[in-house]
Amino acid sequence: MEKENIAVGLDIGTTKIVAMIGKKNEYGKLEILGVGKSKSLGVARGVVNNITQTIQSIQQAILEAENNSGYKIKDVVVGIAGQHIRSIQHSDYISRSNPEEVIGGNDIDLLINQVHKLAMLPGEEIIHVLPQEFKIDGQSDVKEPIGMYGGRLESSFHVVVGQASSIRNVGRCIQSSGIELSGLTLEPLASSDAVLSQEEKEAGVALIDIGGGTTDLAIFKDGIIRHTAVIPFGGNVITDDIKEGCSIIEKQAELLKVKFGSAWPGENRDNEIVSIPGLRGREPKEISLKNLSKIINARVVEIIEQVFTEVRAYGHEDPRKKLIAGIVLTGGGAQLKHIKQLVEYITGMDTRIGYPNEHLAGNSDEEISSPLYATAVGLVMNSIENKTQSAVKMQATVTPEKVIYRETIVEEKVEIKEEVYVQPERVLQVAPVREESTENKIRRSFFDKYVDKIKDFLDNAE
């Protein structure tokens, strides 16, 4: 019997760290086994700035997920974001020595290796190489080159670049938390897997993930990723503005934003007032909801306009690049009241809120279906794609009975008992991998190399 594939995603955000354990059920839907959530300390705008605090937050989230699920976590797929992330478009080609042979995986690898030779700014590294269209002997729009004949193989790539030190710091935090790093994924890509349909990706869509410290953008057209960007503003700057504008503490500002905040100032009447308890016996403070929504509106407009500048940079006004499916909003910031209407007003594009519930099993907790967990759900899906066995049932690792009774058990039975525990591990390693597209192969082989590279760096840095 095939061992079930238990996957774990770790979303290291600016405001929260989420560890999520899941598996695919018999209907192909994602069944969440356990979720751990902790306040994110030591992360600012998606970048680790305090290793010790981040390790503590990760360990807290991991422990909670393990207790909720009854599984022991071994390794995780982690989301990468932060203001250091940028993307570039690049085209490259190879000339094949024997055009009479069909194009194979080696040719694709050769092309990929050439992309790695791109000159980067000091301290930067390529973290994602995403293939777009291939060309064979001038014939364009080739989606799957393997198995075709041709002398010149050409491809356009979407290359995502980030600061090497920031990525290594994340790797260090995970290793020091007592777990392994099994994969890296750009957070907007993980969110897009969770909330976008294939039809939307084909038609053309912009995914805007409004997090606590950053706002991530991913643009798809013809089923292919076309543009990614990370804007260094998120829900935290809205909270800071409320704190300054209303002269209240951060905790109260966050509560005001979540409970009474609106991105559309016209919604509130002048006489709508909320009273906030004063500090240490001071008089309560009265705040007008109209003023509150004006403060929120000003900052949200700024964030959306910066994102829309990136959408324009992609060239969505070109009829061939038109985003027919419009905009999908997700992340914690998407829960702000009337933000959908404001985005439609600013951009003139159809907008919807993206929930990850399409891929979740029917009996999933309602909280997990929130846009807040879109990235974590996407990371678990990515871990399932990687065929990782990231967690094991806790009782399977506890073997006191086997040790106590070993002397009284016949030798054959001991061997059988050993097999129960060990054999599935071996089976997992040699399990046949199903056929996958060239795009997935490239993403997977690249990430295997990159994760190995980070592990080597961390081992040598000991």
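- Counted by atom type alone, T239 and E254 present one or more donor-acceptor pairs between their side chains at under 3.5 Å.
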Could you go through residues 131-138 and list every donor-acceptor pair under 3.5 Å that involves a side-chain atom there, pairing it with any protein atom two or more places apart or in another chain?
from: Q132; atom 1: OE1; to: Q89; atom 2: NE2; distance (Å): 2.9
from: Q132; atom 1: NE2; to: I225; atom 2: O; distance (Å): 2.4
from: E133; atom 1: OE1; to: R226; atom 2: NH1; distance (Å): 3.3
from: E133; atom 1: OE2; to: R226; atom 2: NH1; distance (Å): 3.4
from: E133; atom 1: OE2; to: R226; atom 2: NH2; distance (Å): 2.8
from: D137; atom 1: OD1; to: G151; atom 2: N; distance (Å): 3.0
from: D137; atom 1: OD1; to: R152; atom 2: N; distance (Å): 2.8
from: D137; atom 1: OD2; to: G151; atom 2: N; distance (Å): 3.2

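- Among K321, H158, E310, K221, the one residue that satisfies the side-chain hydrogen bond (donor to acceptor under 3.5 Å, both in side chains) test with H227 is E310.
- Screening I17, T52, V43 for a side-chain contact (heavy atoms from CB on, under 4.5 Å) with S57, the sole residue that qualifies is I17.
- When atom types are taken as modelled, the side chain of H359 and the backbone of D193 share a donor-acceptor pair closer than 3.5 angstrom.
- When only modelled atom types and interatomic distance are considered, S370 and Q335 share a side-chain donor-acceptor pair under 3.5 Å.
- Sorted by first and then second residue, the ring pair (Phe, Tyr, Trp, His ring centres under 6.0 Å) pairs with a member in residues 292-338 read F308-H316; sequence neighbours excluded.
- Under the 3.5 Å distance criterion, the side-chain polar atoms of Q83 are left unmatched by any main-chain donor or acceptor of G213.
- Applying the side chain to side chain donor-acceptor pair (under 3.5 Å) rule to D92 yields the partners H90, Q114; only residues at least two apart in sequence or on another chain are considered.
- Of the listed residues (L207, V230, L189, I231), just one forms a side-chain contact (heavy atoms from CB on, under 4.5 Å) with D216, and that residue is V230.
- In this structure, NZ in K23 is found 11.5 Å from CD1 in I32, a value given to the nearest 0.5 Å.
- Donor-acceptor pairing under 3.5 Å is lacking for the side chains of S40 and T14.
- In this structure, a donor-acceptor pair under 3.5 Å is absent between the side chains of T330 and D209.
- H84 places no side-chain N or O within 3.5 Å of a backbone atom of S166 that could act as its donor or acceptor partner.
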